[in-house]
2 protein chains.
Amino acid sequence: MKCILDPINAETKKRRLEEFQRRCREAGIPVTNQRRIVLEVVLGMHCHPTADQVHASLKVRRARISRATVYRSLESLVLLGVITKACHPGDVVRYDARLEPHHHLVCLECGDVVDIADPEITPPTLPDMSVFGFEVKDCRMQLRGVCRRCRRKEKRR
Amino acid sequence: MKCILDPINAETKKRRLEEFQRRCREAGIPVTNQRRIVLEVVLGMHCHPTADQVHASLKVRRARISRATVYRSLESLVLLGVITKACHPGDVVRYDARLEPHHHLVCLECGDVVDIADPEITPPTLPDMSVFGFEVKDCRMQLRGVCRRCRRKEKRR
DNA sequence: ATACGTGCAAAGCGTTTGCATTTCT
DNA sequence: AGAAATGCAAACGCTTTGCACGTAT
């Protein structure tokens with residue numbers, strides 16, 4: 001079984017950047033260099049970076065973008081629907097660049113989340129929650145437990 | 001269809017408090033008044049309170065427990081496995097007193113999460129992720145989208 | 001008696017905001 | 001030209017921590 005997802009590939013990245021520009025035009029907000037670069041970096045990062053991790057990753061790429069702008073850019077990318085906020089057990093906001101349906105392994109010890117694909121557990125259609133006035137946009141399974149690293153730590157005690 | 005879950009009932013509360021005391025003894029940590037009262041309050045609150053909401057709720061009940069102790073008590077209750085950290089898209093830690101399997105409606109606009117039960121979408125057995133060294137303890141479906149209140153707000157624009 | 005928990009206040013971080021300046025449309 | 005975004009630094013809010021004291025085992 002292979003189900004931990006690979007990084008987003010070059011072709012998908014290109015498509016996502018085009019979609020970002022299209023949505024900016026639709027929403028009438030400027031396509032700034034900063035926003036584009038932030039998106040590029042997030043698409044290239046491992047799963048669910050924090051704003052600060054994105055900022056650090058920008059530094060490595062020699063792109064000088066202030067911390068405040070990184071926060072604001074990520075927020076506008078969420079509003080554009082180009083990325084989403086990941087649901088984590090911790091107290092730091094994390095972002096998820098993967099839009100296609102997938103699931104998460106959540107470690108309840110360290111808060112780490114890993115993307116997985118497992119068609120077996122995915123329901124074929126989105127459940128209807130309109131009785132509650134709720135519009136379902138996507139559906140993700142969280143498999144919560146303890147990751148390898150944390151299990152090792154536990155054994156050591 | 002009825003699937004938004006009712007508050008935890010009196011009988012269950014009693015059982016949960018007993019379990020808490022038992023686990024304290026097992027772990028060799030003291031059963032203090034503060035920890036017990038914090039648990040009582042969390043069991044009585046609507047879904048996924050923040051530490052500060054718990055603290056406020058304690059005030060209403062005329063229980064003077066310092067904010068720091070509330071934070072520490074909640075953390076020890078998590079370690080004891082008596083409550084869990086809820087997985088939210090926001091930047092504040094939220095707690096979940098419901099241990100039995102259930103699912104969540106997550107509003108991506110306001111970050112609100114509502115407990116639901118829907119056996120139709122619940123997989124019969126926990127998927128095996130031991131290939132990744134991951135021990136699955138529970139499995140929750142997140143139906144992410146927009147809640148009634150936020151949809152109304154959108155229409156007003 | 002001893003180890004652990006509690007309360008208080010201060011420190012620590014992640015995040016947001018006000019304002020002058022720059023950039024995009 | 002006008003509207004919106006950026007950078008900086010300061011402010012803000014949630015959470016943790018150091019320390020003296022209190023409490024459970």
Side-chain angles (χ1 to χ4, degrees), chain A residues 17 20-42 48-59 62-80 82-83 85-95 110-111, chain B residues 17 20-42 48-59 62-80 82-83 85-95 110-111:
Chain A
L17 280 163
F20 154 68
Q21 302 202 355
R22 191 171 49 73
R23 294 208 186 183
C24 279
R25 264 176 256 122
E26 279 173 20
I29 79 162
V31 183
T32 62
N33 274 321
Q34 284 88 337
R35 275 203 268 255
R36 204 201 60 245
I37 295 171
V38 166
L39 176 57
E40 272 177 33
V41 165
V42 172
H48 314 161
T50 65
D52 213 60
Q53 287 169 340
V54 174
H55 185 244
S57 191
L58 284 161
K59 257 190 202 153
R62 306 241 182 304
R64 282 189 268 82
I65 299 183
S66 76
R67 196 173 254 102
T69 299
V70 172
Y71 277 90
R72 283 184 286 222
S73 299
L74 288 167
E75 209 49 43
S76 50
L77 292 174
V78 170
L79 285 174
L80 286 169
V82 181
I83 61 175
K85 284 191 183 180
C87 295
H88 272 241
D91 62 347
V92 192
V93 176
R94 286 168 174 279
Y95 296 89
C110 64
Chain B
L17 280 163
F20 154 66
Q21 302 203 354
R22 189 170 51 73
R23 294 209 186 182
C24 279
R25 262 176 260 126
E26 279 173 20
I29 80 164
V31 183
T32 62
N33 276 321
Q34 284 87 336
R35 277 202 266 253
R36 206 202 57 244
I37 295 172
V38 166
L39 176 57
E40 272 178 32
V41 164
V42 173
H48 314 158
T50 65
D52 212 60
Q53 286 169 340
V54 174
H55 185 244
S57 191
L58 284 162
K59 258 189 200 155
R62 307 242 181 307
R64 283 188 265 81
I65 299 182
S66 76
R67 197 174 255 100
T69 299
V70 172
Y71 277 90
R72 283 184 287 220
S73 299
L74 288 167
E75 209 47 46
S76 49
L77 292 174
V78 170
L79 285 175
L80 286 169
V82 182
I83 61 176
K85 285 191 183 181
C87 295
H88 274 240
D91 63 347
V92 192
V93 176
R94 289 168 172 277
Y95 295 90
C110 64

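Sequence lines set the chain letters: A, B, ... in the order given, protein chains first and strands last, and positions in each chain run from 1.
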Is there a side-chain polar atom (N or O) of [X] under 4.0 Å from OP1 or OP2 of [N]?
{"X": "A:Thr69", "N": "D:dG7", "value": "yes"}
{"X": "A:Thr32", "N": "D:dT6", "value": "yes"}
{"X": "B:Tyr71", "N": "D:dT15", "value": "yes"}
{"X": "B:Arg72", "N": "D:dT16", "value": "no"}
{"X": "B:Gln34", "N": "C:dG7", "value": "yes"}
{"X": "A:Thr50", "N": "C:dG14", "value": "no"}

Test B:Leu80 against every option in B:Glu75, B:Arg23, B:Arg22 by the side chain to side chain contact (heavy atoms under 4.5 Å, CB included) rule and name the one that passes.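 That would be B:Arg23; it is the only one of B:Glu75, B:Arg23, B:Arg22 passing the side chain to side chain contact (heavy atoms under 4.5 Å, CB included) with B:Leu80.
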
Distance (rounded to the nearest 0.5 Å) between B:Lys85 NZ and A:His88 NE2: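 Between atom NZ of B:Lys85 and atom NE2 of A:His88 there are 13.0 Å.
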
Spacing of CD1 belonging to A:Ile65 relative to CZ belonging to A:Arg67, to within rounding of 0.5 Å: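 Taking CD1 in A:Ile65 and CZ in A:Arg67, the distance rounds to 13.0 Å.
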
To the nearest angstrom, how far is [X] atom [atom1] from [N] atom [atom2]?
{"X": "A:His55", "N": "C:dG14", "atom1": "NE2", "atom2": "P", "value": "13 Å"}
{"X": "A:His88", "N": "C:dT15", "atom1": "NE2", "atom2": "C1'", "value": "17 Å"}
{"X": "A:Leu74", "N": "C:dT16", "atom1": "CG", "atom2": "P", "value": "10 Å"}
{"X": "B:Gln53", "N": "D:dT15", "atom1": "CD", "atom2": "P", "value": "10 Å"}
{"X": "A:Lys85", "N": "C:dT15", "atom1": "NZ", "atom2": "C1'", "value": "10 Å"}
{"X": "B:Leu80", "N": "C:dG5", "atom1": "CG", "atom2": "P", "value": "10 Å"}
{"X": "B:Glu75", "N": "C:dC4", "atom1": "CD", "atom2": "C1'", "value": "17 Å"}
{"X": "A:Arg67", "N": "D:dA11", "atom1": "CZ", "atom2": "C1'", "value": "16 Å"}

Among [options], which nucleotide sits nearest the side chain of [X]?
{"X": "A:Val92", "options": "C:dT15, C:dT6, D:dT6", "value": "C:dT15"}
{"X": "A:Ser66", "options": "D:dA24, C:dC24, D:dG7", "value": "D:dG7"}
{"X": "B:Asp91", "options": "C:dC4, C:dT15, D:dC8", "value": "C:dT15"}
{"X": "A:Val93", "options": "C:dT6, D:dC8, C:dT15", "value": "C:dT15"}

Would you say B:Arg94's side chain and B:Ala86's backbone share a donor-acceptor pair under 3.5 angstrom?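 Answer holds: no.
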
Is there a donor-acceptor pair closer than 3.5 Å between any side-chain N or O of B:Arg35 and the backbone N or O of B:Pro30?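 Yes, B:Arg35 side chain to B:Pro30 backbone: donor-acceptor pair under 3.5 Å.
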
If you fit an axis to the five pairs at each end of the helix from C:dA1-D:dT25 to C:dT25-D:dA1, how big is the angle between those two axes, to 10 degrees?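 The angle separating the two end axes equals 50°.
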
Name the residue closer to the 5' end of DNA chain D, choosing between B:Pro30 and B:Arg94 according to the nucleotide with the nearest heavy atom.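 Looking at DNA chain D, the more 5' nearest nucleotide goes with B:Arg94.
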
On DNA chain D, does the nearest nucleotide to B:Val31 precede the nearest nucleotide to A:Val70 from the 5' side, or the other way round? Give the residue.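 This one resolves to A:Val70.
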
Closest contact, heavy atoms only, [X] versus [Y]:
{"X": "A:Ser76", "Y": "A:Ser73", "answer": "OG-O, 2.9 Å"}
{"X": "A:Val70", "Y": "A:Ala51", "answer": "CG1-O, 3.6 Å"}
{"X": "B:Val31", "Y": "B:Cys24", "answer": "CG2-CB, 3.6 Å"}
{"X": "A:Gly111", "Y": "A:Pro89", "answer": "CA-CG, 4.0 Å"}

Dump the pairs, protein N or O against N or O of nucleotides 21-23 of chain D, anything under 3.5 Å, distances to one decimal.
none

Note, A:Leu74 side chain near A:Val78 side chain (heavy atom, < 4.5 Å):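 Side chain of A:Leu74 against side chain of A:Val78, heavy atoms only: no contact under 4.5 Å found.
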
